[in-house]
Structure formats: structure tokens, C-alpha cells
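In what follows, chains are A, B, ... by sequence order, proteins preceding strands, each numbered from 1.
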Amino acid sequence: MAAAESPGEGRMMEKIVSLCRRRGFLFQSSEIYGGMNGCWDYGPLGVELKRNVKDAWWRDMISAHDDISVLAGAPAAFEMVGLDSTILMHPQVWKCSGHYDLFHDMMVDCRESKKRYRFDQIRGRWVEAKGRRAFVAVIADADAEQEVAHARAMKFFNLRGKDADKLVWDGEFISLEDVGEVEEVLAPDAKTLGSLTEPREFNLMFQTNIGAVVDVESTAFLRPETAQGIFCNFKNVVDSSRVQIPFGIAQIGKSFRNEITPRNFTFRVREFEQMEMEFFCHPSQSSEWYRFWRDRRMAWYQAHGLSGEHLIMREHAEDELSHYSTGTADIEYAFPFLPPGSFGELEGIAHRGDFDLRSHSEGKLDPNSNPLVVELGENGKPKYKGSGKDLSYRDPVSNERFIPHVIEPAAGADRAALAFLCEAYCEDEAPDDSGKLQSRTVLRFHPRLAPTKVAVLPLVKKDGMPEYAQGLYRELKKEFPVFYDEKSAVGRRYRRQDEIGTPFCVTIDGETLSDGTVTIRDRDTMEQRRVKPDEVVEIVRRAMRT
RNA sequence: GCGGGCGUAGCUCAGGGGUAGAGCGUCAGCUUCCCAAGCUGAAUGUCGUGGGUUCGAAUCCCAUCGCCCGCUCCA
């Protein structure tokens, strides 16, 4: 096999996007109406791929999890349960989770410098010179803002150092929010006045209204992450399911973020599917559990085909972490659309301490406080009131009552599917029937992720081969997604299956009719061997399991 | 949101004011006992969308939507 093209080279991503469309993995949403930015539909093969990704995750997290053994690397045995919470939740959820503040900003654009600023972050001071008045805006730390403003004012009024006393400052530094005269503002990176646009609202959460009456009281948000549905149900799950700490609650579902610039195929989109798990444990063991989940999640991607150097784990440096967290790691993949050497996030594994449960109980905590305290509003009361419900946990053995710490592996299902797709994409060469090398496109999916597991092909369309093949097709179809194809030359049919990543092709030939054996062809090696038809199920099953 | 590039058949693209082309793919048939481009035949587009200029627009102009790249933003 000749050298395969690796991601990052050439027009790799264009080829993948083209293949996805041509073969029915992904289509642009609402395409017949011109498309919708940041929205993609999964076609017949794509939906199978993505569902296989989610199934593999769910199996690993929930249905195949062994509650009673102590897994390698784990501090103890643990339980796992699932959940499916709603997309619409009480508006207070997002205030206490921090999303409301984080995702809700007024922004201004500078027409001159093309930069965009958060409206509340721009401060400045009125100054007068040469009979003109200007509001010199800066983005700087409080102790440096006068220095920066002075330098900019000098430059703006075209003054020399000795004329510094001609600058007449008027008043103290104030926020741009308190300035009405937009046309007299010198934007932080501009040389002329009045280059800033009016402040515009940027809401990264999708807003809607509950009920038919539209008013402020009815405003609701589409969830920007699934995790909060888990935190809000923590008590319900504990009270109803007999789980004991340590345990995890997992959920797969759609989330929505009104990204300003959706880009890079399905990597940054406005509607996406998450696979999230919140793992609740005793604070004294949380660091061990963090390391366990971090390594386990990495191993999951590797086991499903991202085994090469395109996958990395990036541990956040100490100074990137919130003080209440003992660790955060991103699992990242070198997507072909990224510059060489850069990686895009597939999953974040975060040690979140007791931040979330306490915020939903006491009121939104100030993430910068240490120890964590409730963030206060201007009136000295909690900025966002919590539920007031006790979300602590009583250990039934020791009787100790504590607020559990949380380890959160949060993965993107669409991003994972895209990474598996990119990693699987491969162009190699294979000889045609005259021995000449021809290019071959093949998706080397892990058999568990492949949309179709087996193709059944009668070698020629005569001598009873189709009938025999159809019988085998029906038999295999009881177990897996199987494809039957009797059209055109067998070589071409092999290539078609390679291109959609079908791991096995079973061919019925003249020998089948005399001795009852079929050939099974391996997608990656293109080697075939003769087996009994009833062995096929076991071969495929085994490949999917490993 | 800003700047640049691009939208013609399922895909890759050619054409550049006078009523739409190629290759591949697809489909049908033939051939074929193992790795796509053998043979024969067929289908397919209001040239992204809307408007304007013109006797006439895929072609020129404007707007809009989408894609790609760079900024910006975002985890």
C-alpha cells in the first residue's frame, strides 16, 4: 500500500466534505433554500456513524459499565446512570450556572480598526486641547489607564512632550456605557473620532418564549450545555435510584449556542449534540477521580481509531485553572482544516469542585472568590438567587454530610464523529484487473463506528449467485446493517464500499455453489479468505468488539 | 461583525450579452469467476436566490444567502 495522505495536507478537508456530501454523510441544512449557516444535517450514512459514536459512548459509560468491579486506575468501584433532561429549563438555571453573564454581552465594533470590544470593558476620560474635546477610550488595567490615555491623547492632538500641559482632563475615568456622545469617542485602537458603532447585544444563548404571550417574564433559553440538567436532577437521582457516591450521571443531547462565526464544517455549529457526564465523589478523592476520567476518556478515543499522533491531551497549566479546580484537560484532535500543529477541542475533562451544586443551592458563586462565596449584586444581596434546596449528600455508612465534588467529561458528539471521519479518510493505491495501480479512497472506520458492517456481493449476476447472496444478506441483516449489491463489476463494488468504510465484503462465487464457502474481504488489507457463511456473523461481531 | 475569494448537472470544472458543455458518477442493458474508468444506450440543470440594465442576462450592475481564507468573537 502506498503512502497515505495525512490530515493537514493539501485539499484534504475539501475532499472529505465533498465525500460526505456525495455519499450522504452530511448535508447543509435547508440547502434547497440556500442553506443555514452553522447548521448541518446528517444523511443516511452520517446518521448511522453519529449514532454509532453515541452508542459507543453510552455503552462505555452506562450500559456496559461494571458497577461492582474496581476498574484499573479507579480509586473504587462506582455506579453509572443515565438521564435525559429537557432543552428548555427554568431561566434561573442559566443565571446560577454562570452562562447568563458569560454568554450575554453588549459589544461595540470599531469601523476603523475592525476590532470588537465588550462595551462594559471600555473605559476612558474626557480631555480637551486645541479647542477640541474628545473622550479617549482605553482598554487597560486601572493602574495603567491614565498612562495609556495620556499617550493616546498626545498623539491624537498631535502634541509634543513639552506641550503636555495643554491637555485639560475633565473628570475621572468612566465607563463608555456612561458616555452619550459616540461621535466624540476615540476608540481604543483608532486614530479618528467616532469610529465605534452603537452597542449591540450579543447573546450566545438562543432565546425563546414560553407560552404564547411574549414578554420579559416569558423569556427562556435553549440550553447551551446539557450539564445543568444533570446538576438540577442530582437530588432526584440520589433519592430515586439508590445510587451511592461515587457515581456518575450521563446524558446525550442537543445544545445550542449562537456562535458569531460558525465555521469549519461541523466543528463550530449553532446546534450540536453533547455527550456529558457529571461524576460525583467525595472531595478527598476528587483528584484521583479526575485523573481516572481524564485517562479513561483519552483511551476511549484511542480505542475507536484516533490512535495516532493527531490526538493529544492538553492539560491546563496551573494558572489557567480556577482555584477551586485541581485539574482540567482538553482532548484535542489535529483536524485537517486547522493549521499544521494546531488542535481542536473534542472534549474537556474538568474538576469542578462543588461549584455547580453549591451555585444551584445557595446562589451563583463568584468563581474568583476564595473560598467560594455567593456573588453579590449592587444591593448587597445575592446577584442570582439559588434554589435554596439542600444539594448535599449524606454518606449512608459514615453518616458524613458533604457537598460532592464533580468531575465533568464533556464531549461533542458531532466533533467526535468528524474526528473519526477525518482520521478514517485515506487515499491509497491498489492494482486494477490489468495490474495497474489505481487510487482508492477508503474510510478506515473502526468496525463499531462504520455505518454499514458488511456488503454481500454475488460475483456475477447469474448461475444462482444472486439468490444465494440474498439469502445470506437476509440472515446477516438480523444482526447488523448490511448492504446488498449485484450491480456492475465486483471491483467497482468493492471501491464503493471502501469509500463508505464498510469493513467487510462477502462475495458469493462459483465455489460457493459447489462447496458452500464464501469469501470475506477485509477493507484495509483487501485480503480475502474462504469461510463458511455462518462464520461471517462471528467474524464481524469480533471485529466490532475489539 | 469586517476584508478578500468563490457559487454553472450528483461531483470536478469549462464557457463569458443571442436561448447550456466536458469528464467522472448515476440508471438500463450487454460483457465479466475477484479489486473503479470494457461496450451500447439513457436521464439530469429556470447557471445560488431576488431585483435592475437590455430587444435579449449564466454572462453586466445592485442586493441577499451560502461556502472558503484572514481578522474579530467564542470554549
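With rounding to whole Å, A/Lys487 atom NZ is found 15 Å from B/rA42 atom C1'. Protein atom NZ of A/Lys15 is 12 Å distant from nucleotide atom C1' of B/rU12, rounded to whole Å. A straight line from CZ of A/Arg263 to P of B/rC69 spans 6 Å, rounded to a whole angstrom. Going from atom CG of A/Asn258 over to atom C1' of B/rG1 covers 13 Å, rounded to whole Å. Rounding to whole angstrom units, CG of residue A/Asp41 and P of B/rC67 are separated by 13 Å. Atom CZ of A/Arg22 and atom C1' of B/rC24 are 10 Å apart (whole Å). The distance from atom CZ of A/Arg493 to atom C1' of B/rU31 is 13 Å, rounded to the nearest whole Å. When rounded to the nearest whole Å, the span between CZ of A/Arg415 and C1' of B/rA75 equals 7 Å.
The side chain of A/Arg495 sits closest to B/rC35 out of B/rA75, B/rC35, B/rC67. Residue A/Lys461 places its side chain closer to B/rU32 than to any other of B/rU32, B/rA75, B/rC35. Each of B/rC34, B/rC35, B/rG29 was ranked by its minimum atom distance to the side chain of A/Met526; first place goes to B/rC35. Among the nucleotides B/rU32, B/rC11, B/rG66, the one closest to any side-chain atom of A/Arg21 is B/rC11. Candidate nucleotides B/rC35, B/rC73, B/rU26 were compared by shortest atom distance to the side chain of A/Arg492, and B/rU26 ranks first.
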Walk me through it: do A/Phe265 and A/Phe267 pass the test ring-ring contact (aromatic ring centres under 6.0 Å, His included)? CA-CA 6 Å; A/Phe265 207 22; A/Phe267 183 76; over 10 Å; no
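Contacts of A/Ser488 with the nucleic acid, taken as non-hydrogen atoms under 4.0 Å apart, are absent. Residue-level contact check: A/Leu513 touches neither bases nor backbone, having no heavy atom under 4.0 Å from any strand. The residue A/Phe265 sits close only to the backbone: its heavy atoms come under 4.0 Å of sugar-phosphate atoms, none of a base. A/Asp330 comes within 4.0 angstrom of no nucleic acid atom, judged by non-hydrogen atoms across all strands.
Pairing for B/rC67 is with B/rG5, a Watson-Crick or G-U wobble pair whose two hydrogen-bonding atom distances lie under 3.5 Å. Pair assignment for B/rU54: none, as no Watson-Crick or G-U wobble contacts are both less than 3.5 Å. With a cut-off of 3.5 Å on both pairing distances, the Watson-Crick or G-U wobble partner of B/rC30 is B/rG38. The partner of B/rC74, taking Watson-Crick or G-U wobble pairs whose two distances both stay under 3.5 Å, does not exist in any strand shown. Under the Watson-Crick or G-U wobble criterion, with both distances below 3.5 Å, B/rU19 has no partner in any strand shown. Here B/rC47 sits opposite no nucleotide as a Watson-Crick or G-U wobble pair (both hydrogen-bonding atom distances under 3.5 Å). The pairing partner recorded for B/rG10 is B/rC24, the criterion being a Watson-Crick or G-U wobble arrangement whose two distances lie under 3.5 angstrom.
Here A/Lys15 pairs with A/Glu427 in a salt bridge; the nearest charged N to carboxylate O distance falls below 4.0 Å. Salt bridge annotation for A/Asp485-A/Arg493: absent, with no cationic side-chain nitrogen under 4.0 angstrom from a carboxylate oxygen.
When the P atom is used for both B/rG7 and B/rU49, the distance is 14 Å, rounded to whole Å. Rounded to a whole angstrom, the distance from the P atom of B/rA14 to that of B/rA22 is 16 Å. Between B/rG41 and B/rC24, the distance separating the two P atoms is 14 Å to the nearest Å.
Judged by closest nucleotide on RNA chain B, A/Arg521 is the one of A/Arg521 and A/Pro339 placed further toward the 5' end. Both A/Thr507 and A/Ser18 lie near RNA chain B, and the one whose nearest nucleotide falls closer to the 5' end is A/Ser18.
Ring geometry, A/His99 versus A/Trp94: the interplanar angle exceeds 60°, so the pair is classed perpendicular (tilted spans 30 to 60°). Using bins of under 30°, 30° to 60° and over 60° for the plane-to-plane angle, the ring pair A/Phe231/A/His360 lands in the tilted bin.
Checking the phosphate oxygens (OP1, OP2) of B/rU26, a side-chain nitrogen or oxygen of A/Arg496 falls inside 4.0 Å. Close to B/rA75, at under 4.0 Å from its OP1 or OP2, lies no side-chain N or O of A/Arg268. Look at A/Gln528 and you won't find any side-chain N or O under 4.0 angstrom from OP1 or OP2 of B/rC35.
The closest side-chain donor-acceptor pair between A/Gln92 and A/Tyr384, if any, does not fall under 3.5 angstrom.
A cation-pi contact, defined as under 6.0 Å to the ring centre and within 45° of the axis, links A/Arg521 to A/Tyr494.
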